[in-house]
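See structure below.
Chain naming here is simple, since letters A, B, ... match the order of the sequence lines and numbering starts at 1 in each. Scope of the values below: all heavy atoms of this structure, side chains included, with no hydrogens, waters or symmetry mates.
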Amino acid sequence: MNKKKKYDQLIDQYAFNSNSNVEGLVFDGKEENSLADEVQFRKKLITDFENNEVLVLKQRLESIHTAYSKEDKKKKSVCWRYILLALGLGALAYYFSSKNMSSAPNPTQMYAMHFEPLKMNQAERTIDDIAYQSLQSNYNAGNYDAAIVQLNNYLKDSDDPQLRIFRGICLLKRNKISEARVDLKQVSNSENLFWKDHADWYLALSYLKTEQIDEARQLLNRLSIDKNADHHMRAKEILSEL
Amino acid sequence: MKANMTYNNKDILTLIRSPLAKDQDKAFMYLYRNTYKTVQAMITRNNGKEEDAKDVFQDALIVVHKNLRKEDFELSCQIGTYVYSIARNLWLKSLRNKKVHLNIDDQIHDFIEIPEDTDAFILRAQRQDQLENMVQHLKGDCKRVLKLYYYERLKMFDIANKMGYSTEQVAKNKKSSCLKKLRHLLTKQSILQNSI
């Protein structure tokens, strides 16, 4: 029986023991060079099997990695799709809500919707002359420039709140807002309670036109609280929209 | 394998120890889905690139595969923690080799201490020139028998059963003759190479 066969098991034991060195390998109390060489050979074989297995596993893991990356990409793209869908829905919601919001009139539009010149014949008037009839017809016909000239003449010598209101309305119509406000504020600050409501109403509309919401709201609040005030209902309506 | 499938340690052990590559791959895919991102984060936050993360994670899985297949191996923590700890160790060694000194941010994941020689074989495998690998000279039953004995570390009785040999002695003889053949082949080759 040759030595390798005799010591086969022992050689394998040494080979499996990764700590065993070539020196110190004893076979029946003797160091055998040829057997130590065989241990090294088998040790190398074990290592090579391990390395080979690493290679094989690496190849398998490479394809698993590819499959995982694809799956992850798909998951991310599905995730992105959901994000995009959510963004789309958000944009739609925003579009519709802003559309609804834009369907509520802005202050300037409110001015246009609610501004209606006070009819001159409706006004209580004691002046009874031809000049006044001309003013009345110019004003009611919308000839505001001519009406302003005539009103200027009247207001040179008097401080008639009614005429100031009409001039304020004419000036608003001609887009001379600050000049209109001077007339309207004068009536608003006066003791004349009858014309004060009209003055406040047109002043409030002038503020809506220039989008000075707080100023407009203050005047409209007074008209909406006083149930007997002129323009009470319309003031409430505008306040609910503001 | 469904993406939402959950495995516990025992399931992973069973899959990794299965002789079927298909089962083992299920476990690998599960570990990819549940641990890869954490390992990737640990590496990319610590001087590494995504490619490094891929290599380290794969090496960690190979170490896990080897250790879990040992019959006496006991998993003392969650499998994810084990994979992460091995990957962390491998990355620390790689940084050390590159002479980069970093303290890994351990807020990412729990980890356990890994014995020093656990991953030695993988580092050895990275260094080895495949042309020197003896296994490439083995074929057929010789390759199978020697692998079962030296790599799988099965007993001769089990090898005989697996190979369909009538007795344990047949397996022993096969192993001896295969070793002899391999040695002879390598000697012949080395003589040939020296003569060239």
- Item | Donor-acceptor contact below 3.5 Å, side chain B:W91 vs main chain B:N46 | yes
- Message: For chain B, which candidate among A:R60, A:E50, A:R42, A:E62 shows the most heavy-atom pairs at distances under 4.5 Å?
- Response: A:R60
- Which residues in residues 59-66 of chain B have a heavy atom less than 4.5 Å from any heavy atom of chain A? B:D59, B:L61, B:I62, B:H65, B:K66
With a 3.5 Å cut-off and no angle check, do the side chains of [X] and [Y] form a donor-acceptor pair?
X: B:D110; Y: B:T81; value: no
X: B:Y82; Y: B:N67; value: yes
X: A:D12; Y: B:Y150; value: yes
X: B:T167; Y: B:Q169; value: no

Heavy-atom distance under 4.5 Å to chain A: side chain of [X], backbone, both or neither?
X: B:K175; value: side chain
X: B:Y149; value: both
X: B:R183; value: both

- What do you reckon, are the aromatic ring centroids of A:Y202 and A:F115 less than 6.0 Å apart?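 For A:Y202 and A:F115, the ring centres are under 6.0 Å apart.
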- When rounded to the nearest 0.5 angstrom, what is the spacing between OG in B:S85 and CG in B:L90? 11.0 Å
- Message: I'd like to know which of B:Q24, B:K172, B:R153 tops the heavy-atom pair count under 4.5 Å against chain A.
- Response: B:R153
- Query: Most heavy-atom pairs under 4.5 angstrom with chain A, which of B:K37, B:K143, B:K180?
  - Reply: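 Ranked by heavy-atom pairs under 4.5 Å with chain A, first place is B:K37.
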- Item | Aromatic plane relationship, A:W201 with A:H114 - under 30° parallel, 30 to 60° tilted, over 60° perpendicular |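 Perpendicular, since the angle between the ring planes exceeds 60°.
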- A:L45 vs B:L138, side-chain contact (heavy atoms from CB on, under 4.5 Å): CA-CA, chis, key distance, verdict: CA-CA 11 Å; A:L45 183 60; B:L138 292 168; 4.2 Å; yes
